[in-house]
Each structure stands twice: as structure tokens, then as C-alpha cells.
Amino acid sequence: MAITILEGSNFCISDQNGDFTFTTSGLYAFDTRFLSRLELRVNGERPLLLSAGRVEYYSAAFYLRNPLAGELVQDAISIARHRFVGEGMQDRVRIQNQGMEKVGFEVALEFGNDFADIFAVKNYDFALGDPLKALPLPDLAEARYEEAENQFVLEDEPFPARTQVIFSERGHVEPDKMRYWIELEPRASWELGIDVVPSLDQEEVRPKVAQRRFGEERGRVEASLTAWNLRVPKLRSSWDDLDHVYPRSVADLASLRLRGGNGLGNLPAAGMPWFMTVFGRDTLITCLQTLMFGTELAHSALGVLAELQATEDDPLIDAEPGKIVHEIRRGKAANNWFASYYGTIDATPLYLILLSEVWRWTDDAALARQFKEPAMRALGWIDEWGDRDGDGFIEYAKRSETGLDNQSWKDSWDSQRFSDGSLAQSPIAPVEAQGYVYDAKRRLAELAREVWRERELAVRLDREADELQERFDEAFWTDARGGYYVLALDGEKRQVDSLCSNLGHLLWSGIVPQERVDQVVDRLMGPDLWSGWGVRTMSAADAGFNPLSYHNGTVWPHDNSLIAWGLARYGRWQEAQRIIRRMLNAAGHFEYQLPEVFAGLPRAETPFPIAYPTAARPQAWAAGAPVLLLQILLGMEPDRRQFQLHSILPLELPTWAGSFRLTGIRAFDKVWDVRVEDAMVHVVESE
């Protein structure tokens, strides 16, 4: 199993020895690979693993023993390898003679780099690409040794990328290798430092400067993590799953924070390893899930996404004025593909929903006024560009040759299927996106009425939301299978009639009329969609269902957290609690770290949830899911009228929830504590 460590948007993927030995491993920065090969060998052979793992999200340790090579006997030497990833990568290798006799052996470090862009490498990930059709990766760059600095330099021409591999000790130099002959007395040790410094402008960093930078950066990262841990609410729970899952989510969200520069603020990246960048939809949903942590992440997201909001019609990147960005890229990926791409239909209404939700948690009228202009531009996109044919629904159809075929959250190429398994053709109007627009207009009407003091706008938006709800119910509802809302409308306005988890997002948005709620809930929690671990993305009764398909039968934690939120909105607390319990139970089988996605096999047939082999871990909206599920379990809701945080839970908590205390929730510039005793939720302002 590979070990991944990261800091900011930089990360490395290694094997259990700490080496870069497989196609997708390496050190990545600026969406470019800066070291693709790194191998430690003793007497020409790879050491044997003792134990390895992450220490913090930015560091890892690898403990090894010698191979039976040369004159070395078993367990003659131990090897400790400590790694830190920041703006570059720092390795510290310590080798100790554990025996009673003097030993001599050779240590070699082999390295190389192809300067591949992240998309080219991602194509070798079978879940997100096609390794059989992936283009060959670039050849390794020639390494140049600079004796004065005891370093190797690799450069990519004509692209101005540079990798410096700096060694603390001089050895025997070969074109792609540094070799050392080591002799150790009993209990004696030898140490080697390797600093890898990536650069996009071919800046040369001197070794002493690199050392100082790494030291300063480690201190900054440690301080940042300490500050994060002090700021987020603290949980103590008798429910073992919750007690373990919550702190893991806190740590994962800390690791995914982007920081500073190049249009990035302190907001969550989408996930490891291929999406360590701003993703409009993922970033917005993660911020919605984690408002109990405060609004800093959300405020950064609103600002960064406003800066990146499209201002022109550009078919090459699926951009239209007012549209919120899908993803941004830097470095080689930006050069070879795009710097920003706008192929998402739902990020724009989600932006409006987040703005409203932050206001509801803070009553911050200044914030609502600050982002009024980007909000109005987003509303303009919904009405003028999102509705491509004037039928009152937003649709997508890619215009960019390299763009996404599907631009809803289920953005894999085969996710939009009819119940017979056939693929829908664009333009496609996805069902959940209509709900997002409905919710966005309701929320924007509230802001227009209470903050912007534009009553005419508020009346118009409420009227448009009413009309959309009526029109939506007529176009997307079918009485088949007991009644449900279909997945989408295709380019000919036919119902794409597969039964999918998107239903639950409609409850979250509030677009479902009361008379439809029972049918919607029955479909969500019925045996075709409910796996026992969570709601599947597609019904097992549909021809396209596959419990191992990325979007056609698997279970997504973020999807289930929004469904639970929707169930709670309509007062269906028992069904919401069923999702909460099983989702956190499932996390216990993934070392308490919910993955991006797991298989949709029935719980009755599997003693534990089945992993999806290439699911992102950590992944932002999966890490955010337990935080939102905890909020729903407690019934926590801000009351802007009373400047209070309170629980709207109308019933006692089930016994499996146990007792717990959550301290340090922030809302309305106050700090709140919640405790659960005797199945009752108590919320008090912290003293």
C-alpha cells in the first residue's frame, strides 16, 4: 500500500519503503511531478520493511532492516527514514549497526524525474483514467551534478521547471545515483540528508538556504496545525465510532487546506492525490459541511471563487460570464491543459447557497454586502447562460474539446443513464441542480429583503422559485416504481429515468412538495437504493447498476451527508439517524477515515463495507461528512433572529448515540457548548 503525505498543494506518494517505484508515485508541486524515481539500496538490494506510516499529514517515517546482500547478516543494521513535505521534500536517513561486529556496506540513492503534468500521471490511475490508453510519460531528464554544492540538478526544457537534489554528504557520483561506502562499529550510526527543492522559474536555491527554508517551513506548518486544532470544536463521546471518526476528520481537513499565493486562500482542496487544488463544487460543499468549525474556510472560499469567477464567454474552457470555476491548475498541467476550467453546472448555485448559509450562522450583513456583486453575477449566469434553451431549467453540454462530458457532481462519462442502461445525450438537465437553483433563489430573496433592501428583487426571486418548483415537479416526476424524481432530462427533454441518490439532494434543497415526501423517502431508504451502509448512487434495480462503478451503484459519504441533511429538513429524523449510524459504523472499517467512495454491495452480504481501490483518502467532502452528520445528529441550527445556536431535534437521541460533549462551536461571534445526557441535547453559551 502506498503512503501519501502532503502540505498545502504539494504532496508525495511512495511505497512502504519511502521509495518512488511505481508509475504514479513521486513528489508533486504546482500540478507537476518534480521527482518520479527515488530508491534507497543497500549492497544493491532494497531494504526490508519493518514498519511505516504517516506521523502528521506533512511527515512520515519508514523503519527498515538490511536485506541479505553482500556480507550483511540478518538484522545487522536498522534504517530509519524520516520525511517532511512542504514547499519541497526533506529526507533524513539514519543507519545504525545493531550487531556486535563492525560492518561495511554500500548505500546508494538512485533518482530521476520526468516532469510529467499531473493529468498525464492521473491517466495511469485506473479509476480516473485508462492506463491501457494513457500516453507514454516523458523520458527522464538528464541529471547534472554540481560539485560545489554537492547537488544534482534536473531541468525540463523548454518548460522552466527545475529540481535540485541536495545531499548533505559527498559520495561517489554517477549520472543518476549517489553511492556511499559505510563502515560502522557496533552501535555506531551514520546519517544522510536529502533535500529536494522544486522550482517553476528555475530559481537555484543554495543548500544552506534550503536548510533554513525547510526549518522555517516545518515550524510554520506545525504552528498552523496547532492553531487549527485549538480553533475547531472538541469532542468527547462514549460512542466509539464517533469518538474516533471526528478527530480523524479534523486532521484530514487540516491537511487539505490550501494556503496563499496564486489565487489560493486558506480553503480546502478537493482531495488526495490528484485534486490538491481549488475545486468549485467540492470546496463549496466542504465549507457547507463544516460551518460548526466557524466560517473562516467558507469566507476564504467565497473570496477566492469570486476572484476566479468567469467574466467572458470562452468555449475552450467551458466558461460563461458569472460562472463559478470547476478547477484550477498550475505549472505543467496549466501549460499543457488549462489554468482554469469551468465545466460544472452546480458550483454557481452552490456559491449562493454557501453565501446565505454563512450569513445565517453569523448575521454578518457586511459579508453579505461584500459578496453581493459576485452573487448577482452568479444569478445572471443561472438565468442567462445556465438555461441554454429557455425552458426554465439549467442544462450542461461541453463546448471544450478536452472538457467533461458530464458536468454535475456525478461527472464520470457513464453516469447519466436511463433505467435500461443506455446513455443520455446532452444537453442534460440534472435533477439535483434544479433543486440547488430553487434553494439559491429562495436564499437570495432573503438576502435581498433583509440585507440589500431590494424588495423588488426579493419578490421576483420568490416568484421564480415558486414557478420553478411547479415546473420542476411536472417535468421530473414519474409515477413509475411507486413514484420518484428521475435523474435528469436529456437533450430531447426525455426523462432519464434511472433511480438515483440525487433524490436526497432535492430534500436538502427544499424543492420537494410535502405531498411527495413520503414517496421520495421510501425510494431512498428502500432496498434498491439503501445498501445497509448508506444510500447507493444508483438503484440495484436499474440495468446500469454496478456496486463497483464510480457513480452507478457505489456509496459516497458526502452524498449521504447531504441526504441526511435533507431528511432532517423535512423532519424525517429516524431515517437521517439511520444514515448517520451506518455511515460512522462504516468509517470504523476504514481506520475511521471515510474514503471518497466505497462499494455499494449489500450489508447483509458483506461483514464490512468493501473498499473502492483508488478512492481518494483524504478527500475533503468525505472528511467533512462526519462533521455535518454530527451537526444533524444534534439537530444543530443557527437562529439568526435570536442570535442563538440551538437544537431543533424533536425527539430523544437513540441509545446507540451514547453520551458526549462538543465544546467550542462558533456562531454569532459567540462560542457554544453542546452536551448529550440521558438522550437529550443541551446547548449553552460557553462561559
Side-chain angles (χ1 to χ4, degrees), residues 127-128 245-246 248-250 252-253 255-256 267-272 274-275 278-293 297-298 301 326-327 344 346-347 349-350 353-354 357 408-412 415 430 432-433 435-436 439 500-509 524 529 531 533-538 550-569 576 579-580 582-584 586-587 590 592-600 609 611-612 614-633:
L128 300 171
V245 173
Y246 179 82
R248 186 58 186 263
S249 287
V250 168
D252 284 350
L253 289 162
S255 74
L256 291 168
L267 73 167
M272 282 292 300
W274 309 123
F275 305 109
V278 175
F279 258 66
R281 176 193 308 120
D282 300 52
T283 296
L284 289 162
I285 287 178
T286 304
C287 290
L288 283 163
Q289 292 172 316
T290 56
L291 284 171
M292 281 205 307
F293 286 3
L297 292 179
H326 175 58
E327 67 178 294
T344 170
D346 45 18
L350 286 170
I353 292 169
L354 179 63
E357 194 68 9
S408 60
W409 85 260
K410 294 177 179 177
D411 57 6
S412 55
S415 67
E432 76 281 4
Y436 299 163
D439 193 20
C500 297
S501 61
N502 309 59
L503 280 175
H505 294 232
L506 300 177
L507 293 174
W508 172 49
S509 70
L524 282 169
L529 276 177
S531 75
W533 296 110
V535 178
R536 300 182 178 104
T537 45
M538 180 178 282
Y550 198 52
H551 287 131
N552 296 322
T554 47
V555 174
W556 287 64
H558 96 276
D559 189 26
N560 276 262
S561 73
L562 295 180
I563 293 169
W565 203 357
L567 288 164
R569 177 171 184 163
I579 290 176
I580 294 166
R582 292 307 177 202
M583 196 55 51
L584 297 187
F590 295 109
Y592 299 104
Q593 182 188 48
L594 278 173
E596 169 192 26
V597 53
F598 56 89
Y612 192 84
T614 56
R617 293 173 68 186
Q619 203 249 12
W621 60 14
V627 183
L628 178 56
L629 292 174
L630 175 58
Q631 177 185 325
I632 297 163
L633 179 66

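Contact check for L594 versus P626: side-chain heavy atoms found under the 4.5 Å cut-off. Put simply, the side chain of Y436 reaches to within 4.5 Å of the side chain of I353, judged on heavy atoms. Between L507 and L567, some side-chain heavy-atom pair lies under the 4.5 Å cut-off. Side-chain contact between H505 and W409 is present, with at least one heavy-atom pair separated by less than 4.5 Å. In this structure the side chain of M538 never reaches within 4.5 angstrom of the side chain of H551, judged on heavy atoms. The side-chain heavy atoms of L354 and I285, taken from C-beta on, include no pair separated by under 4.5 Å. P595 has its side chain out of reach of Q619: every pair of non-hydrogen atoms, C-beta onward, lies at least 4.5 Å apart. In this structure, the side chains of F590 and R248 stay at 4.5 Å or more apart for every pair of heavy atoms.
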**OP:** Test side chain to side chain contact (heavy atoms under 4.5 Å, CB included) on V627 and L253 and set out the steps.
**Re:** CA-CA 10 Å; V627 183; L253 289 162; 4.3 Å; yes
**OP:** Apply side chain to side chain contact (heavy atoms under 4.5 Å, CB included) to the pair F293 and V250, showing each step before the final yes or no.
**Re:** CA-CA 9 Å; F293 286 3; V250 168; 3.8 Å; yes
Subject >> Worked check of side chain to side chain contact (heavy atoms under 4.5 Å, CB included) between N560 and R582 >> reply: CA-CA 10 Å; N560 276 262; R582 292 307 177 202; over 6 Å; no
**OP:** Evaluate the side chain to side chain contact (heavy atoms under 4.5 Å, CB included) criterion for residues V555 and V535: first the C-alpha distance (whole Å), next the side-chain angles of each, then the deciding distance (0.1 Å), finally the verdict.
**Re:** CA-CA 6 Å; V555 174; V535 178; over 6 Å; no
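The two residues A269 and F275 make their nearest non-hydrogen contact at CB-O, 3.9 Å. A pairwise comparison of heavy atoms in C287 and L291 identifies O-CG, 3.4 Å as the closest pair. Contact between E432 and S408 at its shortest, heavy atoms only, is OE2-CB, 3.5 Å. Across all non-hydrogen atoms, the minimal contact from T286 to A620 is OG1-CB, 3.4 Å. In terms of heavy-atom proximity, I632 sits nearest to S561 at CD1-O, 3.7 Å. For the residue pair L629 and A564, the shortest heavy atom distance occurs at CD2-CB, 3.9 Å.
Using modelled atom types and a 3.5 Å distance limit, the side chains of N502 and K410 yield a donor-acceptor pair. No side-chain donor-acceptor contact under 3.5 Å links S531 and R536.
Side chain of R569 to backbone of S509: a donor-acceptor contact under 3.5 angstrom is found.
For the atom pair T283 OG1 and L267 CG, the distance stands at 5.0 Å (nearest 0.5 Å). Of the inter-residue distances, the one linking E327 atom CD with F279 atom CZ reads 3.5 Å to the nearest 0.5 angstrom. Put simply, CH2 on W508 and CH2 on W565 are 6.0 Å apart, with the number rounded to the nearest 0.5 Å. Put simply, CG on L506 and CG on D439 are 11.0 Å apart, with the number rounded to the nearest 0.5 Å. Q289 CD to E357 CD: the interatomic distance, rounded to the nearest 0.5 Å, is 12.0 Å.
Among the candidates D559, T554, T537, the single residue satisfying the side chain to side chain donor-acceptor pair (under 3.5 Å) test with S501 is D559. The side-chain contact (heavy atoms from CB on, under 4.5 Å) with L628 is formed by just one residue from the set L562, I580, L288; it is L562.
Taking the six-membered ring for Trp and thresholds of 30 and 60 degrees, W556 and W621 have ring planes more than 60 degrees apart, a perpendicular arrangement.
Aromatic pair Y246/Y592: ring centres not closer than 6.0 Å.
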